[in-house]
Amino acid sequence: MRTDKAQLAKTYDPAITEEKWYRYWLEKGYFHARTDAPAEPFTIVIPPPNITGSLHMGHALNNTLQDILVRWKRMQGYNALWLPGTDHAGIATQNVIEQQLLKEGSNRYQYGRERFIQRVWQWREESGRAIIEQLKKLGSSCDWQRERFTMDEGLSRAVKEVFVRLYQEGLIYRDNYIINWCPRCQTALSDLEVEHEEIKGHLYYVRYFLVEGDGYLTVATTRPETILGDTAVAVNPNDSRYIPYLGKELYLPILNRKIPLIADEYVDIAFGTGVLKVTPAHDPNDFLMGLRHQLAQIKVIGEDGRMTAEAGKYAGMDRFQCRKALLGDLEQACYLEKKEDYSHSVGHCYRCKTIVEPNLSRQWFVRMEPLAKPAIQAVNEGRVRIIPTSWEKTYFEWMHNIRDWCISRQIWWGHRIPAWHCQACEAITVDREEPRACQQCGSPNLSQETDVLDTWFSSALWPFSTLGWPDKTRDLEVFYPTSVLVTGFDILFFWVARMIMMGLKFMGEVPFREVYIHALVRDAEGKKMSKSRGNVIDPLVMIERYGADAFRFTLAAFAVQGRDIFLSEERIQGYRNFANKVWNALRFALMNLTDLCGQIEELKLADQHHMETEDRWIISRLNRVIGQVNIALEEYKFNEAASNIYQFFWHELCDWYLELIKPRLRQSTPSKLVAQQVMAFVLDKSLRLLHPFMPFITEELWQQLSVAGEGIMVAPFPKTQEAWIAPQIEEEMSFLMEVIGAIRNIRGELNIPPGCKIEVVLDPKEPGELAIIERHQHHIVLLASVEKLKIGAWDSTAKKAVSALVYKTEIFVLPPTTIDWQSEGKRLSRELAKIEEELRLVEAKLSNESFRAKVPRAILEKNIQKEQALREKAENLRKSLEKMS
RNA sequence: AGGCGCGUAGCUCAGUGGGAGAGCGCUUCCUUGACACGGAAGAGGUCGGGGGUUCAAUCCCCCCCGUGCCUACCA
């Protein structure tokens, strides 16, 4: 694997590297978690992507975060398992195949159930695995040996087991109820699968004439076609306007059926005319009202979205066509009083966006309340922690108002409900295996339920079904409950809540200890509408263009708690540059380590006396950053972890440390060896810190460094060593950096080119500062491009100089050429004005009595010091200006 | 209707009850033997508007404006 050290390319090329190392990790089996490992387990189950899907930004973020956590924990020595898999996605997948059939001029009914399902399986083998390959491109360290699919034999067994047990306990029942029906998908949907959207429609006012006399009542409706299914008209019993009419009958317009006027508290007196038409078969509220008043349920809209025979002359028409036709007829016959613009929210199928029809239908339901209770408790008691905690409120809100879950779907692709209908007595037999005879009458004449289960029914079992349940497996024993679930809030109810319920019910234990809810990436799919600027970003294109590492790092840097993400390609480019910076830092190091024999070793505290200030400084800083990164990851603050590493690596390690040691590396003294050792040590640790975020480049570079170990992904993650943290060294360095900064600042302002060396006089009025400056003269000379450095007092009568003040050290830069003293003077005046303004503010603060009385001592002292410093700076500037004129 | 969130530099976004930050972009200078996907310096913000609490508010509270989302059985 090792290439010649000196031959590292000038820029990093991700394409080859990523391929190579992913294969290496797989070959080594690093992703596989063993059940006999003594280490504490750390488990994540993947939110299984749909087999119809291809990797979008949401997946990319979700899986990057999981991979960061898993790689980090694995390096920390945990027995880390990231269990991958895919979801059969019943309706979505069925739609894909049905589209194919349509193109072939066929449909699923012509095809037949058996053949259709075979075809789906075949398609799944061919195309349904694409997303797995895409996850690998991202660098996901999933245990592929444990990959699962919701339609696997084992998981199907779990589904049956759960169904049977819930049925036996009375938690699953079958009933005639009003449900959401998608006429295009030809199936029932759960409440959650309906997306509400505000639609600009109309409110139609329709007259219902009294059977006796010639009066009428006016009813307002948004769905006139349902008039055909009305079986009553209702008013509020307290509505004095209509009390005289109670008990009378009305003629249904057009059909002229007689229907009663009933009284029900549900009716809102203030809405419309206060008269409500009641259609029990096509409206959830009317359905309930129908039950209360024993009204007939007349279905006028069929499963295909067309009007039924009950609709009279409209039979066979599409529901919207019928609306149009009916409105025409109503108008013509003077039934239509008026029409108002009205916007209201209308349910759409979440899979195909067709307008959902509330329809009376016999379906299977799960009784949710008994399952929800313990799940509420689990979160309440902190057995499941939701992070950020603000989502708990949303969770509780939904769980407290939970309604029964319609789980049957009239499609073919999915887990077929394990229930058999007796042809003889109509009884239902529910069992794990196909029963031989009816439980009720013993008849062998049985036929299996044709409905399949909601896809989310099997997803709800995912954390334990994937580990082998209902068998008592070693996997379950070791890895359940899982450690954390990483997901977006859009499936908090769909999935997270249901997993908690099912986990508690069947495992007697929560499915995960923590749930980390991350942001949603806004995409072009219209999912999260925003200022749509056509900013669609395809993760695979980004990986192709900038490398998986840069892409992952960007996502991590953007992964802030509680906010949506809108990626910009420029930002990815920025982190690609960072990857290149890392590459070149190692390139530099490797070029300077060729003569270092043996492996890189841990540094010993006892050896620090051989070290220079910069050595101890960078090690101290490293240890602080290690702490920051570990804490940030502990708290799921991915952006903080990422930016801490970024800042450290680029702006401390590269900008300062590597620059500072360059002269030492060119000598051949013992000091060179120390610099080499420290540099290698710090780079080794930095690469490890970076590895969970940028797995590929860090592996590639780490393998070039001679560190003991097979690979960085199985190397221990750094831990802070407090003993290396040296505050006084850090202070010394930051003083030095400020002095250098001040000189550079003057150079920059005077536009003195780097090639042009300058003369500098430093006059430290404080012994400590003098000592530091004396000790680091060579650094100042190097990093500020100084020709001649003098330490001591400055003779103001001699040459003109530009000065600055850092703490108690006066800095004089003697420009080599004639410079524009006038514009320099202007600059200084501006500077002085700024400082005086600041000084004024601080003085005002300090002269405020109640401020001095109430402010904490530390803040007070800070302000006093600040005032002092500003005074000195201002004084210094005034002196400079004086000399200039 | 209820609930949640957002509005900080030209753009994309961090952050904090006590000195306004990053990346990109912009200006000036620099092909210095890791890196021009680079180095050095710099400009740029009344932290949406108004009020309140506080010695102190970009941050906490209230109102308003703009904007996004979730939940809901108003015809």
Side-chain angles (χ1 to χ4, degrees), chain A residues 8 10-12 178 191 196 203 219-223 226 234 266-268 270-279 283-288 342 344-345 358 390-391 393-394 397-398 401 489-490 492-493 520 522 528-531 535 546 550 554 557-558 560 562-592 639-640 643 646-647 654-655 658-659 662 666 741 744-756 783-785 838 841-842 845 848-856 858-860 862-863 866:
Chain A
L8 227 50
K10 212 169 169 181
T11 49
Y12 170 57
I178 194 115
D191 295 333
H196 293 275
L203 196 53
V219 164
T221 180
T222 52
R223 294 192 300 155
T226 62
Y266 169 78
V267 181
D268 181 355
F271 190 92
T273 57
V275 187
L276 175 68
K277 61 192 257 345
V278 186
T279 324
D283 184 279
N285 294 307
D286 295 4
F287 172 77
L288 294 172
Y342 185 70
H344 59 132
S345 104
S390 51
W391 289 108
K393 200 178 164 183
T394 314
E397 184 77 15
W398 188 70
N401 299 308
F489 60 81
D490 51 334
L492 185 62
F493 307 139
L520 249 46
R522 295 179 183 181
K528 295 288 155 248
M529 299 278 281
S530 71
K531 322 140 200 171
N535 252 336
Y546 303 106
T554 311
F558 265 94
V560 175
R563 194 200 234 271
D564 277 0
I565 293 177
F566 197 81
L567 270 192
S568 73
E569 190 168 339
E570 288 76 26
R571 193 77 181 256
I572 304 174
Q573 215 171 84
Y575 290 117
R576 186 268 320 261
N577 296 352
F578 176 57
N580 195 52
K581 188 74 181 177
V582 173
W583 179 262
N584 274 288
L586 268 293
R587 181 168 179 258
F588 169 77
L590 294 169
M591 284 163 64
N592 285 285
N639 62 318
E640 279 182 22
S643 60
Y646 180 98
Q647 177 66 27
C654 290
D655 286 355
L658 294 186
E659 292 303 326
K662 275 179 181 174
R666 289 187 200 119
R744 283 172 167 181
N745 173 283
I746 293 169
R747 291 190 66 112
E749 290 300 340
L750 300 180
N751 270 342
I752 301 170
C756 180
L783 294 187
S785 291
E838 255 189 278
L841 287 173
V842 178
K845 218 189 251 185
N848 183 337
E849 270 315 306
S850 51
F851 172 79
R852 297 193 86 103
K854 293 183 180 174
V855 78
I859 302 293
L860 182 63
K862 227 178 185 178
N863 276 282
K866 186 179 172 186

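Computed from a predicted structure; not experimentally measured. Residue numbering restarts at 1 for every chain, and letters A, B, ... go by the order of the sequence lines. Keep in mind that the numbers below use all heavy atoms, side chains included, and drop hydrogens, waters and symmetry copies.
Evaluation of the side-chain contact (heavy atoms from CB on, under 4.5 Å) rule for A:Glu659 yields A:Lys662, A:Leu783 as partners, not counting sequence neighbours. For A:Ser643, there are no side-chain contact (heavy atoms from CB on, under 4.5 Å) partners at least two apart in sequence or on another chain. In this structure, the side-chain contact (heavy atoms from CB on, under 4.5 Å) partners of A:Val855, at least two apart in sequence or on a different chain, are A:Phe851, A:Ile859, A:Leu860. Considering only residues two or more places apart in sequence or on other chains, A:Asn285 meets the side-chain contact (heavy atoms from CB on, under 4.5 Å) condition with A:Tyr266, A:Asp283. By the salt bridge (Lys or Arg N to Asp or Glu O under 4.0 Å) test, A:Asp655 is found to be paired with no residue, residues two or more places apart in sequence or in another chain being considered. For A:Phe287, the ring pair (Phe, Tyr, Trp, His ring centres under 6.0 Å) criterion is met by A:Tyr177, not counting sequence neighbours. A:Tyr546 is linked by a ring pair (Phe, Tyr, Trp, His ring centres under 6.0 Å) to nothing, counting only residues two or more places apart in sequence or in another chain.
Here the P atom of nucleotide B:C37 and the CH2 atom of A:Trp583 are 17 Å apart, to the nearest Å. A:Phe578 has its CZ atom 15 Å from the C1' atom of B:G38, to the nearest Å. The distance from atom CD1 of A:Ile859 to atom P of B:U16 is 16 Å, rounded to the nearest whole Å. Residue A:Lys845 contributes atom NZ, which lies 11 Å from atom C1' of B:G17 at whole-angstrom precision. Between the C1' atom of B:C4 and the CH2 atom of A:Trp391 lies a distance of 7 Å, rounded to the nearest Å. Rounded to an integer number of Å, the gap from CZ of A:Arg576 to C1' of B:A36 is 12 Å. Atom CG in A:Leu276 sits roughly 11 Å away from atom C1' in B:C73 (whole-Å rounding). Note: CZ (A:Arg223) to P (B:C74) measures 11 Å, nearest angstrom.
In this structure, the side chain of A:Asn580 does not engage the main chain of A:Arg576 through any donor-acceptor pair within 3.5 Å. Looking only at distances, a side-chain donor or acceptor of A:Asn584 sits under 3.5 Å from a matching main-chain atom of A:Lys10. One N or O on the side chain of A:Arg747 and one on the backbone of A:Ala784 form a donor-acceptor pair closer than 3.5 Å.
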Read 5' to 3' with Watson-Crick or G-U pairs under 3.5 Å, [ ] for crossing pairs and | for partners on another strand, RNA chain B gives (((((((..((((....[..)))).(((((.......))))).....(((((..]....))))))))))))....
Output one line per pair: protein atom, nucleotide atom from nucleotides 57-62 of chain B, and distance, for all N/O pairs under 3.5 Å.
none

Produce the list of close N/O pairs, under 3.5 Å, pairing protein atoms with atoms of nucleotides 52-55 of chain B; give distances to one decimal.
{"unit_1": "B:C55", "atom_1": "OP1", "unit_2": "A:Lys854", "atom_2": "NZ", "d": "2.0"}
{"unit_1": "B:C55", "atom_1": "O4'", "unit_2": "A:Ser850", "atom_2": "OG", "d": "3.4"}
{"unit_1": "B:C55", "atom_1": "O2'", "unit_2": "A:Asn848", "atom_2": "ND2", "d": "3.4"}

Using a cutoff of under 3.5 Å, can you pull out all pairs of nitrogen or oxygen atoms linking the protein to nucleotides 28-30 of chain B, with atom names and distances?
{"unit_1": "B:U28", "atom_1": "O2'", "unit_2": "A:Asn751", "atom_2": "OD1", "d": "2.9"}
{"unit_1": "B:U28", "atom_1": "O2'", "unit_2": "A:Asn751", "atom_2": "ND2", "d": "3.1"}

Between the protein and nucleotides 21-25 of chain B, which nitrogen or oxygen pairs come in under 3.5 angstrom?
none

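Interface remark: the A:Glu659 side chain does not form any donor-acceptor pair with the B:A40 base, using a distance-only criterion of under 3.5 Å. With hydrogens and angles ignored, a donor-acceptor pair closer than 3.5 Å exists between the side chain of A:Lys581 and the base of B:C35. A donor-acceptor contact under 3.5 angstrom links the side-chain atoms of A:Lys662 to the base of B:A34.
Side-chain contact between A:Phe271 and A:Leu203: present, with at least one pair of heavy atoms (C-beta onward) separated by less than 4.5 Å. For the pair A:Lys845/A:Leu841, no side-chain contact is recorded, criterion being any heavy-atom separation below 4.5 Å from C-beta on.
Once rounded to the nearest 0.5 Å, the distance linking CG of A:Asn577 with CD1 of A:Ile572 reads 12.0 Å. For the atom pair OG1 (A:Thr394) and CZ (A:Phe489), the distance works out to 9.5 Å, reported to the nearest 0.5 Å. Note: A:His196 NE2 to A:Asp191 CG = 7.5 Å, rounded to the nearest 0.5 Å. Note: A:Phe578 CZ to A:Tyr646 OH = 7.0 Å, rounded to the nearest 0.5 Å. Between the NE2 atom in A:His344 and the CZ atom in A:Arg223 there is a gap of 9.0 Å [rounded to 0.5 Å].
Here the side chain of A:Pro284 is nearest to one of B:A41, B:C73, B:A34, namely B:C73. Listed candidates were B:C74, B:G42, B:G18. Nearest to the side chain of A:Asn863 is B:G18. The nucleotide whose nearest atom lies closest to any side-chain atom of A:Asn584 is, among B:A34, B:A41, B:C37, B:A34. When the nucleotides B:A75, B:G39, B:G3 are ranked by their closest atom to the side chain of A:Phe271, B:A75 comes out on top. Of the candidates B:C35, B:A75, B:U12, the closest approach to any side-chain atom of A:Tyr266 belongs to B:A75. Among the nucleotides B:A75, B:A40, B:C35, the one closest to any side-chain atom of A:Tyr342 is B:A75.
Residue contacts for A:Tyr546: at a heavy-atom cut-off of 4.0 Å it reaches no nucleic acid atom on any strand shown. Among the heavy atoms of the strands lying under 4.0 Å from A:Arg666 is at least one base atom, whether or not backbone atoms are also near. Here A:Glu397 lies out of heavy-atom contact (under 4.0 Å) with every strand. Among the atoms of the strands shown, none is found under 4.0 Å from any heavy atom of A:Lys862. At the heavy-atom level, A:Asp268 lies under 4.0 Å from base atoms of the strands shown. A:Thr221 comes within 4.0 angstrom of the backbone, heavy atoms only, and of no base.
Between A:Thr273 and A:Glu838, the residue whose closest nucleotide on RNA chain B is further toward the 5' end is A:Glu838. Summary of the strand contacts: A:Ala557 and A:Tyr12 both lie near RNA chain B, and taking for each the nucleotide with the nearest heavy atom, the more 5' one is attributed to A:Ala557.
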